[in-house]
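Throughout, a chain's letter reflects where its sequence line sits, starting with A, and its residues are numbered from 1.
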Amino acid sequence: MSQDTQIRPPAEVEAPPSPSFLTNVWRSSGKTTGVLAGLIILVVYLSITQPIFMTWGNITNIVASNSVVLVLAVGATFVIISGGLDLSTASAAAVTGMSYGMLLQHGMSAWVAVAGALAVGLLLGIVNGVLISYVKISFLVVTLGTLSVFESAALVMSQGKTINVFSIEGFQPIYNLVNGKVAGIPYLLIFDVVLVVVAALVLRYTTFGRGVYALGSNREAARLNGINVARTTLSVFLIAGLAAAVASLIQVGRLTGASPGIDSTLLLTVVAAVLIGGTAYTGGDGGVGGTVLGVLFLGVIQNGLTLSDVSTFWRGTVNGVVLIVAVALGVARDRGWLRFNRGKTPASS
Amino acid sequence: MSQDTQIRPPAEVEAPPSPSFLTNVWRSSGKTTGVLAGLIILVVYLSITQPIFMTWGNITNIVASNSVVLVLAVGATFVIISGGLDLSTASAAAVTGMSYGMLLQHGMSAWVAVAGALAVGLLLGIVNGVLISYVKISFLVVTLGTLSVFESAALVMSQGKTINVFSIEGFQPIYNLVNGKVAGIPYLLIFDVVLVVVAALVLRYTTFGRGVYALGSNREAARLNGINVARTTLSVFLIAGLAAAVASLIQVGRLTGASPGIDSTLLLTVVAAVLIGGTAYTGGDGGVGGTVLGVLFLGVIQNGLTLSDVSTFWRGTVNGVVLIVAVALGVARDRGWLRFNRGKTPASS
Amino acid sequence: MNASAAPLIEVRGVSKRYPGVLALDNASLTVSPGEIVALTGENGSGKSTLSKIIGGAEQPDGGVVLVDGVETVIANPATALKLGIVMISQELTLAPQLTVAENVFMGRLPRKGRVIDWATIRRRAREELAALDVHVDVNAKVGDLSVELQQEVEIARAVSSKARLLILDEATSSLSEHATERLLELIREQAKRGVAVLMISHRMPELYSTAGRAAVLRDGKMVGTVPLPSTPESQLVRMMVGRELNDYYGSRDCVPGDVVLQVRDLASADGALAPTSFEVRSGEIVGIAGLVGSGKAQLGMALGGAIPATGEVKVNGAAVTLGDPRRALGAGIGLVPDDRKRAALLPTRSVAHNMTLTWLPKLSKFGVVPTRTEKRRVREAIAEYGVKTSSPAKLITQLSGGNQQKAILGRIFALGCPVYVLSEPTRGVDVGSKSQIYALLQKLTESGAAVVIISSELPELIGLADRVLVCFQGAVRGEVTGDQLQEEVLNAIAVSGHVHEEPS
Amino acid sequence: ACGGGDDASASGGTSGLKVAYSSPVASQPGQQIVTNGLNAGAKELGWEVNVIDANLSADQQVSNVQTMIQQQAAAIGLWALDSGAMEGTYAQAKAANIPVIGVNSEGANVSSTVWWGVNRCDDDQSPYRVAAKEIATARPGGKVIVMGGPPVPSIQANVKCFSDAAKAAGLTILAQIDNTKDTSANAASLTADTFTKYPDVDAVWSYNDSSAIGASTSATRAGRKISDGKSEGIIIQGSNGDPDAIEAVKQGRLSGTWDPDSYATGMAVIKAMDDAKKGVTGKNYVVTAKYWSQANIAEYKDTATLGYTLATIPVTEK
Ligand SMILES: Nc1ncnc2c1ncn2[C@@H]1O[C@H](COP(=O)(O)OP(=O)(O)OP(=O)(O)O)[C@@H](O)[C@H]1O
Ligand SMILES: Nc1ncnc2c1ncn2[C@@H]1O[C@H](COP(=O)(O)OP(=O)(O)OP(=O)(O)O)[C@@H](O)[C@H]1O
Ligand SMILES: [Mg+2]
Ligand SMILES: [Mg+2]
């Protein structure tokens, strides 16, 4: 009888049959499997068909041309995980870029101009963040509004003119950082890696980072558990503002001029990179690792299209089809169409 | 027992003190109060400062300029209420417009060309809908991909050229419908009103419409209560595809030519109109009534900016600030900052 | 009572108005350290509202709150937490995408230096859950867990924080008897150590075994406080509902008729339910008992088509396509799922639209909803099922928990299905309404329906069911009828998989 | 500056070259014609030209040029989206010893430049100054609406060129409206509003054709006739010589369009590249613009059928 009344742990606790390492990777890649697989296939395909693709020069070119998107996307990852969205990010970058250009033009020293641009970025982030978290206007309305205001501000600053900073002395440090190399490795690549690692660590190992996830996952739960919802919201928009400033410095560094014009596809590219990278658009899930994948995926497609001389008219088709197919791969895997030694889904009892 | 199961009327059904009519409107306007108030203030302001604003000619201009956005936004309202988003809507309109133009150019009769464009719209909707509801790829990925594919398809169709349909005979009926009037009232206005009323009735009074709300509110609950989730999802994307086709007919009718180029701000304008109109971006709430308000609000701002000769560089600022302030008005009301006979007397037993 | 001089919390004359409702009307309450106070009342009487005010989640329109005798504004939950007020709210407040471990420590994640210490979080979460006798993978996402386990996570969070006042708003409503016992034991221990406890529950035995005092709310007014367990249950119930409740579970005089529901080798695709066979006759109520993870929840979901399943289900001889809720509903299987929030409510819609959701195919003609009929039917259902709402157009999430449940039950009951599968149908429903629901159930069976009730409340099963099937580790291990229908017998099978071979 | 002998040998040495062109947005009809001109010129020399599309992204354009440098293009043609933001790129190309031919874009490190005649405003014969004078002749003291576009320097310069000349010619500028979205639909909306406000407008000058067509549809809807430049009605002038604008002129829906001759532009880029490969840099070629109106539209021929060669293209040197 003692045996009978013994209470056994609930059924679903039993350990699943220990899977192999590969299976583990395949499983844990979660929502980004498809993109990861798609990226690998793309890279292999391009390496074979385009000899130039795998050259160091081309790789650094990919890094250089996607750093602006990457930096903005890292900022956007914070915002989206927290359950928001910053539509103003590309416009904010235009304003910070113009600020940097104008400060240089007015003879400010290199680092004063950089600090100025960062301060402006923070300020724009504060505007968004305060309207959203304290005045409590929907983030979509606020950032839609500031998208338009910032765009206009960038135009007003120089009356629509591009500020050429190429020959301004104070521009040199940024120019060198953005375009320079050490031991063949672009500073920009080093910067990108550091940025991503720091962002990933902040999200994973700080109270703030976990608060961002909690907020996006269940705002009310976060509030009831004493997380400062307003401050956390403000902070993610500050981060986005700062990201816009940094991205604009890279942009100006690359273009050697600050332009008030905004690439109309930039916002969509940034958001797409984050979402393709597996961050949930309703928040609470995802991370910068996925965002890096997303940026790389889009960047490699662009690069591949350019290298392979695909006709302008067909580029969009290739682009869209590759994206959908890659993500469909992941879906197929999740639905068990592509079996790879998958255990059963755990019981949801 | 009979006494026990006797049903008592719920305790608090007591009629609330009957509020005035105005209070009722103010209360029931819900999330769109701010926009409604903002719109009224704008209209009053413009009527005073721009004598031309309230002329019938200007009003028909507003109708003509915003019908494309309205039609797309009505389609988008269905999608967004169902918990989705169709990023491909502007690109789909480009494809359907080109299809219409090419059918005319190839000598098809007026109504065959129209039917063809509508069929293409349906087809594009099916592509989105099937990928989302049956292949189960995230709607963001699918419509991001098709945004790009459709854009490319429109370019491929005519090798990037605009198709001038002005002197093609088959174009006349659409030209007349889009630009004609009856008793001073543009057909387009009549069409818009009918469209909005039908859409509102479908959402409100049909099982399909209720299913769309249920889906956006809680997909799982909808499924368990017998809503055909896949078919409803497919249907909303079909509606969006059809809306794209209709919008493109209006566009071609207005411009007397079908252009493969896509206004890069159109998508954002459409989505903004829906969201400003109080439809929840996570789905389950809202309606076409609000969308009409949203379209009008954005349209009147544009018109006002043009009439008031605001400098190009400053337009974005005015635009964004007016938007944020209008919505903030609604927030202020919801939070009781603007008291308007709200009857919040504490402890009136 | 061993209360010290100043009560830990005192609520004085608090009122709270929502549009159309006075949820609290000049209510007062005290809870002292070491004391366990039960807050009771009908659904919608204001219990949750009062606890939210104490927990800082809502602000009163009038009245004051005193903490340790000092008037205090508890402006937000963070303030409440700082004051040692920890609340388990009725609506689960978990982050579904985050892990069990992280949810247990949300808002107070242990750190090593400036960095979050994940190892400690996992270890301590495992310990805290083990103290509740819950063994779940702490790395699992909370959203993948059953309601009961989610509730346990929420409980673990509350009991692991250093609370001075613990508020449990129907914390036991999703728990099985065993888990409930365990929790109540923990609460008593905490109270002995000086923690003040305010508990809300519609389960009388819990109140009587745990609380020292019961405060009764009615329509937002505090109608009195009585000592427990000395006050007779009938008197407490009368204070709550304003009438006597006789014949609680009701009874039918109806002989089971033909077989309506035939289940052969029904198994869930995820393996949590092994092939199971049984039959239910018209007029019969069959109960399903079992622990968490015993597969009883999957049995209900599989019957209702909510999860992929294999086997054969027939209603009145006609086979039902499995794994498709629409087909199941069409075949006449009305399902009330146990996870209200996840699987039943349309949170952004009105009470009326929530209720008519399931009726739409029957109600509409050519796809058009006749709103006049709809309005009438909604009004009738609201009255019949005792849903307390200020208007049918009110958002369903603004109803009290018990009233949400009644609306969900009402929408299924009104369908007149031949088969009902009810998973935890009276979760969060007050005693008075429960008795009404039981009466309605009996009426349904009298009119020929076959009913399957899945419940973790054994008294409910024993009171209602003609037969009870007991699940153990994914399979039905026993069928209990007649005078064998006793809690001990059901418990024994639920826990061990078979009846004790002991002479009674 | 090079001798004939040098010329011959260099010419022999340059055949089979691979050159590249960075297009700001290759899908636009005008840019397609530029591409056709590039191909025609390259064919004449036995070259190959690779056109890479920046699709309106300056950042993308920079990276495209970097790819060209990696691929060691023999020469790079570059129509900068934003010539103020390309100095670094020009410098990189120069560092790699690759000549850069700017199109409507200049810079310190640009080897030679091809200009559109329509973009010049330095003498009486400059197209938009002629345009202003023609309008003033047809409608002395007339009222004009000026339609600008996205706020980019070249468009702003053109708008200013026309506006200054119009004022000088005694015209009144009622309003300047900017079609920042660069679409016909937006132009139609803007002009519809403006025509309602200023019903007595005599002429519209537009920075491009699609905007002019938008204005034309609004004018028609407002019950206005489109003038052929002299006749009654509203004068609407576009610019670009887009195929559908040519058709619109034929149909009497546009008074005229300024054709910058994109085909010759493409060929001129090749010509300048050829010069550069022969060591001749610092050239400024100006492609002659043509105004197509109802008076001369009958003579319109697709530029590709005109039989241009590198030696005969209508360019002048500045
Ligand atoms: N956010 C809200 N908006 C409007 N009304 C509300 C809101 N929250 C609660 N109410 C109303 O306040 C009243 C009291 O609700 P409360 O949740 O406190 O009841 P309860 O006693 O906890 O009931 P139950 O036993 O069902 O949980 C109900 O009539 C409810 O509809
Ligand atoms: N007094 C009432 N009695 C019974 N049912 C009602 C009553 N008032 C409203 N309802 C029901 O509540 C539903 C929702 O009410 P509401 O006023 O929000 O309707 P609605 O305006 O059609 O909804 P929505 O604005 O969400 O489309 C109605 O469709 C009707 O079925
Ligand atoms: Mg309503
Ligand atoms: Mg409650």
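- Considering every non-hydrogen atom in both B:Gly160 and D:Pro29, the closest pair reads O-CG, 3.6 Å.
- With rounding to the nearest 0.5 angstrom, the CG atom of B:Asn66 is 7.0 Å from the OG atom of D:Ser189.
- Between chain B and the residues D:Thr183, D:Leu190, D:Asp182, D:Asp244, the most heavy-atom pairs under 4.5 angstrom are made by D:Asp244.
- Other residues, nucleotides and ligands contribute over 12 non-hydrogen atoms within 6.0 Å of the CH2 atom of B:Trp56.
- Closest approach of B:Leu255 and D:Ala185 over heavy atoms only: CD1-N, 3.7 Å.
- Using a 3.5 Å distance cut-off with no hydrogens or angles, the side chains of D:Thr180 and B:Arg315 do not pair a donor with an acceptor.
- Side-chain N or O atoms of D:Gln32 include one that pairs as donor or acceptor with a backbone N or O of B:Gln159 at under 3.5 Å.
- Between chain D and the residues B:Thr60, B:Thr256, B:Ile163, B:Ile62, the most heavy-atom pairs under 4.5 angstrom are made by B:Thr256.
- Interface remark: B:Ser167 contributes backbone and side-chain atoms alike to the contact with chain D (heavy atom separation under 4.5 Å).
- In this structure, the portion of D:Thr220 lying under 4.5 Å from any heavy atom of chain B is its side chain and not its backbone.
- With a 4.5 Å cut-off on non-hydrogen atoms, B:Thr55 touches chain D through its side chain but not through its backbone.
- Neither the backbone nor the side chain of B:Ser264 comes within contact range of chain D, judged by heavy atoms closer than 4.5 Å.
- Expressed to the nearest 0.5 Å, how far OG1 of B:Thr162 lies from CD of D:Gln28 amounts to 9.5 Å.
- For B:Gln172, the CD atom sits in a packed shell: over 12 heavy atoms of surrounding residues, nucleotides or ligands are nearer than 6.0 Å.
- Taking all atoms of both residues into account, the shortest heavy-atom contact from D:Ala248 to B:Asn164 is N-ND2, 4.0 Å.
- For the residue pair D:Ala175 and B:Asp309, the shortest heavy atom distance occurs at CB-OD1, 4.2 Å.
- Between the B:Asn61 side chain and the D:Ala192 main chain, a donor and an acceptor come within less than 3.5 Å of each other.
- For chain D, no part of B:Phe53 is nearby; none of its heavy atoms comes within less than 4.5 Å.
- Expressed to the nearest 0.5 Å, how far CG of B:Leu305 lies from CD1 of D:Ile177 amounts to 13.0 Å.
- A distance of 6.0 Å separates CD in D:Gln176 from OG1 in B:Thr312, rounded to the nearest 0.5 Å.
- If you measure heavy-atom distances from D:Thr196 to chain B, the contacts under 4.5 Å come from both the backbone and the side chain.
- Heavy atoms of B:Leu155 lying under 4.5 Å from chain D belong exclusively to its side chain.
- Nearest heavy atoms, D:Arg221 versus B:Arg254: NH2-CG, 3.3 Å.
- Most heavy-atom pairs under 4.5 Å with chain B, from the set D:Thr217, D:Asp193, D:Thr194: that is D:Asp193.
- No part of D:Phe195 comes within reach of chain B, as not one of its non-hydrogen atoms sits under 4.5 angstrom from that chain.
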